[in-house]
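One structure is given below, encoded as structure tokens.
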Amino acid sequence: MMDVSPTADTAPAENAPNPSAIPPDELARLTDDIIAALKTVYDPEIPVDIYELGLIYKVDIDDDRNVAIDMTLTAPGCPVAGDMPGWVENAVGSVQGVQSVKAKIVFDPPWDHSRMSEEARMALNMW
């Protein structure tokens with residue numbers, strides 16, 4: 001499991017064991033490329049990508065390079081709730097080396113403004 005929220009430190013500690021069968025350099029590349037792909041997905045009503053908004057809660061990359069994503073929405077009644085997981089799956093599925101992607105919407109914990117990155121807060125003038 002790898003938490004790739006914008007506030008998480010995704011760099012592995014130098015002496016930490018790698019619990020994955022994926023070589024550390026490849027896992028780091030996959031992680032960076034997945035984050036870049038997530039940053040191409042936008043809620044059409046908000047001019048900030050879903051990663052910087054803090055809508056991505058968890059990204060798991062298994063040893064076979066299958067990716068499982070837990071994500072949320074800014075509000076349960078979001079008009080693109082049915083479409084956004086597909087957008088995420090398509091974006092991350094385009095990353096070289098990823099075998100499959102499954103995005104699941106969760107509402108626990110509920111999303112709030114504190115999950116946004118500093119970049120998102122600046123873009124939306126939400127301090």
Side-chain angles (χ1 to χ4, degrees):
M1 173 176 65
M2 181 163 299
D3 179 359
V4 295
S5 61
T7 57
D9 180 9
T10 56
E14 286 200 26
N15 295 329
N18 182 12
S20 174
I22 301 172
D25 289 347
E26 182 182 355
L27 187 58
R29 182 203 54 84
L30 272 173
T31 300
D32 291 345
D33 290 352
I34 288 170
I35 290 170
L38 290 168
K39 287 184 173 195
T40 68
V41 180
Y42 285 76
D43 180 321
E45 297 177 336
I46 304 172
V48 175
D49 68 78
I50 64 169
Y51 182 82
E52 296 297 337
L53 279 174
L55 298 181
I56 303 300
Y57 283 178
K58 181 171 66 171
V59 175
D60 287 332
I61 306 169
D62 72 14
D63 290 346
D64 295 322
R65 294 159 183 79
N66 299 305
V67 179
I69 299 171
D70 286 355
M71 61 178 292
T72 197
L73 305 168
T74 56
C78 178
V80 294
D83 297 324
M84 198 171 296
W87 300 342
V88 168
E89 290 171 355
N90 288 337
V92 174
S94 71
V95 171
Q96 182 180 3
V98 168
Q99 296 305 307
S100 70
V101 183
K102 181 63 181 161
K104 176 176 71 169
I105 293 181
V106 299
F107 292 103
D108 187 31
W111 179 87
D112 64 42
H113 296 124
S114 70
R115 297 190 166 278
M116 293 190 308
S117 70
E118 191 172 312
E119 178 181 319
R121 289 179 188 179
M122 286 178 54
L124 297 174
N125 199 23
M126 298 181 84
W127 296 100

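What you see is a predicted model; the values in this text were computed from it and never measured. Below, all heavy atoms of this structure are taken into account, side chains as well, without hydrogens, waters or symmetry copies.
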Item to check | Heavy-atom closest contact (Val41 atom, Ala91 atom, distance) | outcome: CG2-CB, 3.7 Å
Checklist entry - Can you name the closest pair of heavy atoms from Glu45 and Pro79 and give their distance? => result OE2-CG, 3.6 Å
Checklist outcome for this item: Trp111 meets the ring-ring contact (aromatic ring centres under 6.0 Å, His included) criterion, sequence neighbours left out, with His113
Item to check | Leu38 side chain reached by Asp49 side chain, heavy atoms, under 4.5 Å | outcome: no
Checklist entry - In Å, rounded to the nearest 0.5 Å, how long is the span from CG of Asp25 to CG of Leu30? => result 11.5 Å
Item to check | Glu118 CD to Arg121 CZ distance, which is reported to the nearest 0.5 Å | outcome: 8.0 Å
Checklist entry - Rounded to the nearest 0.5 Å, how far apart are CG of Asp60 and OG of Ser20? => result 11.0 Å
Checklist entry - Do you reckon Ile34 sits in the same ILVMFWY cluster as Ile22, going by side-chain contacts under 4.5 Å, direct or chained? => result yes
Item to check | Heavy-atom closest pair, residues Ala81 and Pro85 | outcome: O-CD, 3.2 Å
Checklist entry - Quick check: does any side chain N or O of Asp112 sit under 3.5 Å from a backbone N or O of Ser114, one acting as donor and the other as acceptor? => result yes
Item to check | Under 3.5 Å donor-acceptor, Asp63 side chain and Ala21 backbone | outcome: yes
Next on the checklist: Once rounded to the nearest 0.5 Å, what's the spacing between atom OG1 of Thr31 and atom CD1 of Ile61?
Outcome noted: 4.0 Å
Checklist entry - So do the side chains of Val80 and Trp87 get within less than 4.5 Å of each other, counting heavy atoms only? => result yes
Checklist outcome for this item: Residue set satisfying side chain to side chain contact (heavy atoms under 4.5 Å, CB included) with Lys104, at least two apart, ordered chain then number -> Asp70, Val106
Checklist entry - Closest heavy-atom contact between Gly93 and Val98? => result CA-CG1, 4.4 Å
Checklist entry - Which atom names give the shortest non-hydrogen contact between Met71 and Ala103, and what distance separates them? => result SD-CB, 4.3 Å
Checklist outcome for this item: What one should report as the nearest heavy-atom pair of Thr72 and Ile105 is CA-CG2, 4.5 Å
Checklist entry - Atom CG in Asp33, atom OG in Ser94: separation rounded to 0.5 Å? => result 9.0 Å
Item to check | Expected output: side-chain Arg115 to main-chain Ile56 donor-acceptor under 3.5 Å | outcome: no
Item to check | Cluster link Tyr42 to Met84, ILVMFWY, side chain under 4.5 Å | outcome: no
Checklist outcome for this item: Distance col, row Asp43:CG vs Leu53:CG, nearest 0.5 angstrom, shows 7.0 Å
Item to check | Side chain Glu52, main chain Ser117, donor-acceptor under 3.5 Å | outcome: no
